[in-house]
Asker: 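I'd like to ask some things about the structure below.
Atoms within each ligand, like the ligands themselves, are counted from 1 in listed order.
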Amino acid sequence: MTSGAGYRAGFTVIAGAPNAGKSTLLNYLLGEKVAIVTSKPQTTRHRILGVLTRSDAQLIFWDTPGLHDPGRTLLNREMMSRALAALADSDVILWVVDGLRRGAGHATAVNVIRQNKNRPLIVAINKIDAAPNKSIILPLIREIEVAVSPRAIIPISARTGDGVNFLVAEIKKNLPVGLPLYSETALTDQPERVIAAEMVREAVFNLTSCEIPYATAVTIDAFETGIGLIRLSVTIHLERESQKGIIIGQGGLKLKQIGQAARLNIERLVGEKVFLKIFVCITRDWTQKKSTLLDFGYGDK
Ligand SMILES: Nc1nc2c(ncn2[C@@H]2O[C@H](COP(=O)(O)OP(=O)(O)OP(=O)(O)O)[C@@H](O)[C@H]2O)c(=O)[nH]1
Ligand SMILES: [Mg+2]
């Protein structure tokens, strides 16, 4: 049953500095990989919806791009505006903080959270599985209490799930009373083919370094379902000719590794064999152009 007196339903934005573990948390909450995760900051570029339906509440999450100083890149400014818009649209703000280090973006995150004081705020101190001892997060907890006075601060591990039940219970308490907003079976707004293309981007993030991940976009050319086989064709867009050789690698080795890593993850996602074809093309300075950002799904019309 998903309704009745006292049923709660509403939107929670998962916000925080890049690399804090927001997408890892969304995936853990849903029990499915709907958002890609890498060890590099600024992995998430969209806002991604995830729905968790329980017998007494429906928790609707927005995973968002990491809060950071966007500088001059149009793509980064677009990413920040996605995150800020999701904050403004939510009933509850869940601020995910890396419990191990205050990396780039922490100060921006504090400022943004302070500017959104009109909504219930819950803080998750993440990555406690990797903390040498639990007391190292105490100064951070004190600092956050003083800076933003949240309703609750909960240490968690998005990787192992430690503390996540407490977090869900705390979010639920702060959601408005109301009927479910999505069907009981809804999981995400991301179509399978989009998650598949994101998995190619994830492989690029994991297997390349320096500016390459940030110069990469992946678009879908074809996603065809056959009998026991999905044919997926994508294009990797890069900004400059010099980046093409790095992605392809000697004798095509790097591209082959990217394809293999992505294909395995996509097969896990779709539960079928996948035939993956990757093209590489130069779309000059795409991170700086409104028109290409729109074409690649990173801008608002
Ligand atoms: N040890 C540990 N690592 C974690 C945990 N949660 C996330 N990570 C790692 O932290 C890195 C960043 O995780 P993401 O989920 O991509 O972080 P994010 O906040 O979504 O990052 P952006 O999309 O770049 O803003 C990855 O290497 C994760 O595996 C955790 O609970 N424990
Ligand atoms: Mg992310």
Asker: Starting from atom 28 (C) of ligand 1, locate the nearest protein heavy atom and write down its residue, its atom name and how far away it is, to 0.1 Å.
Answerer: Val37 CG1, 3.7 Å
Asker: Would you mind checking which non-hydrogen protein atom is closest to atom 25 (O) of ligand 1, with the distance to 0.1 Å?
Answerer: Lys22 NZ, 2.8 Å
Asker: At less than 2.8 Å, would any N/O/S atom of Thr43, backbone or side chain, sit next to the Mg ion (ligand 2)?
Answerer: no
Asker: Please report which non-hydrogen protein atom sits nearest to atom 29 (O) of ligand 1, along with the residue it belongs to and the distance in Å to one decimal place.
Answerer: Arg159 NH2, 3.0 Å
Asker: Walk me through it: do Ser23 and Thr44 pass the test side-chain hydrogen bond (donor to acceptor under 3.5 Å, both in side chains)?
Answerer: CA-CA 8 Å; Ser23 301; Thr44 303; 2.9 Å; yes
Asker: Answer with yes or no whether Gly16 contacts ligand 1, where contact means a heavy atom under 4.0 Å from a ligand atom.
Answerer: no
Asker: Any N or O of Asn19 that comes nearer than 3.5 Å to an N or O of ligand 1?
Answerer: yes
Asker: Answer side chain, backbone, both or neither: which part of Leu25 comes under 4.0 Å from ligand 1, heavy atoms only.
Answerer: neither
Asker: Which residue owns the protein heavy atom closest to atom 10 (O) of ligand 1, what's the atom, and how far is it?
Answerer: Lys127 NZ, 3.0 Å
Asker: Which heavy atom of Glu170 sits nearest to which heavy atom of Ile154, and what is that distance?
Answerer: CB-CD1, 3.8 Å
Asker: Salt bridge check, Arg45 against Glu198: does any charged N sit closer than 4.0 Å to a carboxylate O?
Answerer: no
Asker: List the closest protein heavy-atom neighbour of atom 26 (C) of ligand 1: residue, atom name, distance to the nearest 0.1 Å.
Answerer: Thr38 O, 3.3 Å
Asker: Could you report the tightest heavy-atom contact between Val13 and Ser90, atom names first, then the distance?
Answerer: CG1-OG, 3.4 Å
Asker: Can you list the ligand 1 atoms lying under 4.0 Å from a non-hydrogen atom of Ala130?
Answerer: 1 (N)
Asker: Of the listed options (Leu26, Ile14, Thr24, Asp129), which comes nearest to atom 15 (O) of ligand 1 when hydrogens are ignored and any heavy atom counts?
Answerer: Thr24
Asker: Should you measure from each heavy atom of Pro41, which atoms of ligand 1 turn up under 4.0 Å away?
Answerer: 24 (O)
Asker: Quick one: which ligand 1 atoms are inside 4.0 Å of a heavy atom on Gly66?
Answerer: 25 (O)
Asker: Answer yes or no: is there a donor N or O on one side and an acceptor on the other, between the side chain of Arg47 and the main chain of Ala83, under 3.5 Å?
Answerer: no
Asker: What protein heavy atom sits nearest atom 6 (N) of ligand 1, and how far off is it?
Answerer: Asn126 ND2, 3.2 Å
Asker: Set out, in order, the CA-CA distance, both residues' side-chain angles and the distance that settles salt bridge (charged side-chain N to carboxylate O under 4.0 Å, His left out) for Lys22 and Asp63, then state yes or no.
Answerer: CA-CA 6 Å; Lys22 301 177 294 299; Asp63 179 19; 5.7 Å; no
Asker: Hey, is ligand 1 close enough to Ile156 that some N/O pair sits below 3.5 Å?
Answerer: no
Asker: Check this for me, if you would: do Lys277 and Asp221 make a salt bridge, where the nitrogen-to-carboxylate-oxygen distance has to be below 4.0 angstrom?
Answerer: no
Asker: Rounded to 10°, how many degrees is the angle OG1/Thr44-the Mg ion (ligand 2)-OG/Ser23?
Answerer: 90°
Asker: Could you find the nearest protein heavy atom to atom 27 (O) of ligand 1 and give me its residue, atom name and distance?
Answerer: Ser39 CA, 3.4 Å
Asker: Identify the closest protein heavy atom to atom 17 (O) of ligand 1: which residue and atom is it, and at what distance?
Answerer: Gly21 N, 3.1 Å
Asker: Has Glu267 got a side-chain atom pairing as donor or acceptor with Val274's backbone, closer than 3.5 angstrom?
Answerer: yes
